[in-house]
Student: 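One structure coming up, written as structure tokens, with questions to follow.
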Amino acid sequence: MERAEVLVVGGGNAGISLAARLLRDGAPDVAVVAPQPVHRYKPLLNYVAGGEATMADLERPMADVVPEGCRWIRDAVEAVDPTAMTVRTRGGRALSCSTLVLCPGLVEDWEATPGLQSAYTDGWAASSYVPGSTPQVWPRLTALRRGSVVFTVPPEPASCGPTALKPLLMACDHWRRAGVLPDVAVRLVLPGPTATAVPEADEILDRTFAGYGVEVLREARIERVDWERRAVTVTSPSGRRVLEDVDFAHAVPHYRAPSWIADGGLAADPTPGLVDIDPETLRSRRHGSIWAIGDAAAVATRPSGGALRQQVDILAKNLAAARKGKPLQRYDGYTVMPITVARRTLLLAEVDRDSRPSPSVPFVDPMKPRRATWFFDRYVLPRTYFRRILRGRV
């Protein structure tokens with residue numbers, strides 16, 4: 001059986017940046033379990049879908065981002081035994097550890113929306129959330145000069161669901177500049193009554209939707225997709241509605257945590273199966289040596305890259321505090337939702353767990369749409385991500 005002092009499950013933003021931070025803090029033995037050969041800076045996927053980035057801008061070989069001194073176990077987790085503190089991989093490896101950190105991210109729940117996976121295979125549906133389909137989005141949207149298109153925001157849990165609005169609003173701006181927006185019927189399916197649950201941001205977004213002529217279906221979800229008929233069935237409190245003659249659907253699948261979390265008794269419930277932790281300390285409610293951050297952790301706030309930066313910092317400090325028997329720090333649920341309202345204008349909703357404003361730059365209203373905020377989100381933050389965040393320096 002292989003052993004590591006700290007075993008991190010997941011090779012995304014959370015896993016890599018945490019491993020780097022722990023090594024910088026002097027941790028002697030850190031291993032990361034991650035099967036994927038490619039690491040992606042996921043926020044840029046929305047810009048690929050909006051025609052402002054390429055996949056090459058956001059992808060790096062995993063071997064290039066795994067921090068020096070960290071063991072990379074290139075395999076997928078099959079099962080976890082929280083009592084024995086062991087992990088079994090799909091390739092048959094047995095791993096043990098003293099501290100286990102779970103940040104595997106979420107997986108698509110295709111069964112939640114019958115017909116959607118076939119629509120992706122056909123190319124009639126695609127989204128910024130499914131990387132293999134993302135490069136198809138902008139060509140399909142810009143080729144549309146008239147007709148009908150449907151966009152969805154995924155229900156929770158999802159990776160910063162409101163950012164799914166980026167391709168929608170960038171496309172609307174493009175169609176308006178091209179003079180064809182009046183000929184395109186744009187519908188948005190929202191899982192909640194508003195887009196973000198942040199009143200200041202929602203007021204701006206509702207005005208933006210109205211300005212573009214977007215029909216918003218609130219508290220609604222796609223129940224079924226029939227790509228052969230080009231139809232989408234939407235359910236809401238007002239009933240069931242079939243949207244027909246849809247030319248393209250930017251339909252984001254539903255998500256859930258990997259099943260081995262619930263199978264190992266680490267989730268409060270099997271659906272969606274998030275790791276049951278104290279959302280403030282990030283520690284398992286049932287197992288003192290198990291911790292979790294990121295999309296698959298029940299942190300009671302919307303997942304985002306900004307949220308992860310705080311979670312990594314607090315978790316690194318709490319792991320050290322737990323070893324020394326000192327009090328743990330608390331995570332207030334800070335998160336950030338960057339949403340473009342035009343091709344080069346973006347608002348930044350920064351809030352805590354209770355949706356109270358929590359701006360990171362004093363005396364500047366981040367919710368006011370600005371070109372400078374768009375530039376920072378599109379160009380500055382990706383460079384910071386690869387050069388500093390993934391190296392444990394933020």
Student: To the closest 0.5 Å, what do you measure between OG1 (T233) and CD (E244)?
Tutor: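 T233 atom OG1 to E244 atom CD measures 8.5 Å (nearest 0.5 Å).
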Student: Please list, chain by chain and in numerical order, all residues satisfying salt bridge (charged side-chain N to carboxylate O under 4.0 Å, His left out) with D183, sequence neighbours excluded.
Tutor: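 By the salt bridge (charged side-chain N to carboxylate O under 4.0 Å, His left out) rule, D183 matches no residue at all.
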Student: Could you measure the distance from the CD atom of Q329 to the CD atom of Q310? Nearest 0.5 Å is fine.
Tutor: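 Taking CD in Q329 and CD in Q310, the distance rounds to 10.5 Å.
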Student: For E108, give me all partners under salt bridge (charged side-chain N to carboxylate O under 4.0 Å, His left out), at least two apart in sequence or on another chain.
Tutor: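 With sequence neighbours excluded, E108 shows a salt bridge (charged side-chain N to carboxylate O under 4.0 Å, His left out) to no residue whatsoever.
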Student: Rounded to the nearest 0.5 Å, how far does CG of D109 lie from CD of Q117?
Tutor: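 Between Q117 CD and D109 CG, I get 10.5 Å after rounding to 0.5 Å.
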Student: Hey, could you give me the OG1/CE distance between T99 and M85, rounded to the nearest 0.5 Å?
Tutor: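 Rounded to the nearest 0.5 Å, the OG1-CE separation comes to 6.0 Å.
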Student: Taking E52 as the fixed residue, which of K166, R378, R343 is the one that meets the salt bridge (Lys or Arg N to Asp or Glu O under 4.0 Å) rule?
Tutor: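 The residue from K166, R378, R343 that satisfies salt bridge (Lys or Arg N to Asp or Glu O under 4.0 Å) with E52 turns out to be R343.
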Student: Would you say the side-chain atoms of R187 and S148 include a donor-acceptor pair closer than 3.5 Å?
Tutor: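 Yes, a side-chain donor-acceptor pair sits under 3.5 Å.
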Student: Is R353 close enough and on-axis enough to Y331, meaning under 6.0 Å and within 45°, for cation-pi?
Tutor: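 Flagged: R353 positioned over aromatic ring of Y331.
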Student: With rounding to the nearest 0.5 Å, note down the distance linking NZ in K326 to NZ in K324.
Tutor: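 Reported value, rounded in 0.5 Å steps: 5.0 Å.
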Student: Give every donor-acceptor pair under 3.5 Å between a side-chain atom in residues 383-394 and any protein atom, sequence neighbours left out.
Tutor:
{"from": "T384", "atom 1": "OG1", "to": "V380", "atom 2": "O", "distance (Å)": "3.0"}
{"from": "Y385", "atom 1": "OH", "to": "H39", "atom 2": "NE2", "distance (Å)": "2.6"}
{"from": "R388", "atom 1": "NH2", "to": "R393", "atom 2": "O", "distance (Å)": "3.3"}

Student: Does K317 have any salt bridge (charged side-chain N to carboxylate O under 4.0 Å, His left out) partners at least two apart in sequence or in another chain, and if so, which?
Tutor: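 D313.
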Student: Please check this pair: side chain of D278 against backbone of L282, looking for a donor-acceptor N/O pair closer than 3.5 Å.
Tutor: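 Not confirmed, D278 side chain does not pair with L282 backbone.
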Student: Members other than V232 in its cluster, when Ile, Leu, Val, Met, Phe, Trp, Tyr link by side-chain heavy atoms under 4.5 Å?
Tutor: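 Via sub-4.5 Å side-chain contacts, V232 links to L106, W110, L116, Y120, W124, Y129, V130, V150, V189, L217, I222, V225, W227, V234, L243, V246, V252, Y255, L274.
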Student: Distance from S236 atom OG to R218 atom CZ, nearest 0.5 Å?
Tutor: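 Taking OG in S236 and CZ in R218, the distance rounds to 12.0 Å.
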Student: Is it true that the side chains of S358 and D352 contain a donor and an acceptor less than 3.5 Å apart?
Tutor: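 No pair is found: no donor N or O on one side chain lies under 3.5 Å from an acceptor on the other.
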Student: Please check if L346 and I204 belong to a single hydrophobic cluster, counting links between Ile, Leu, Val, Met, Phe, Trp and Tyr side chain heavy atoms closer than 4.5 Å.
Tutor: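 Each belongs to a different hydrophobic cluster.
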Student: Is R60 salt-bridged to D64, cutoff N-O under 4.0 Å?
Tutor: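 Result for this pair is no, no salt bridge flagged.
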Student: So, using side-chain contact (heavy atoms from CB on, under 4.5 Å) as the criterion, who are the partners of A372 when residues are at least two apart?
Tutor: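 Result, side-chain contact (heavy atoms from CB on, under 4.5 Å) vs A372: none returned.
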Student: I need the minimum non-hydrogen distance between T196 and A201, along with the two atoms involved.
Tutor: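 In this case the closest contact between T196 and A201 is OG1-CB, 3.7 Å.
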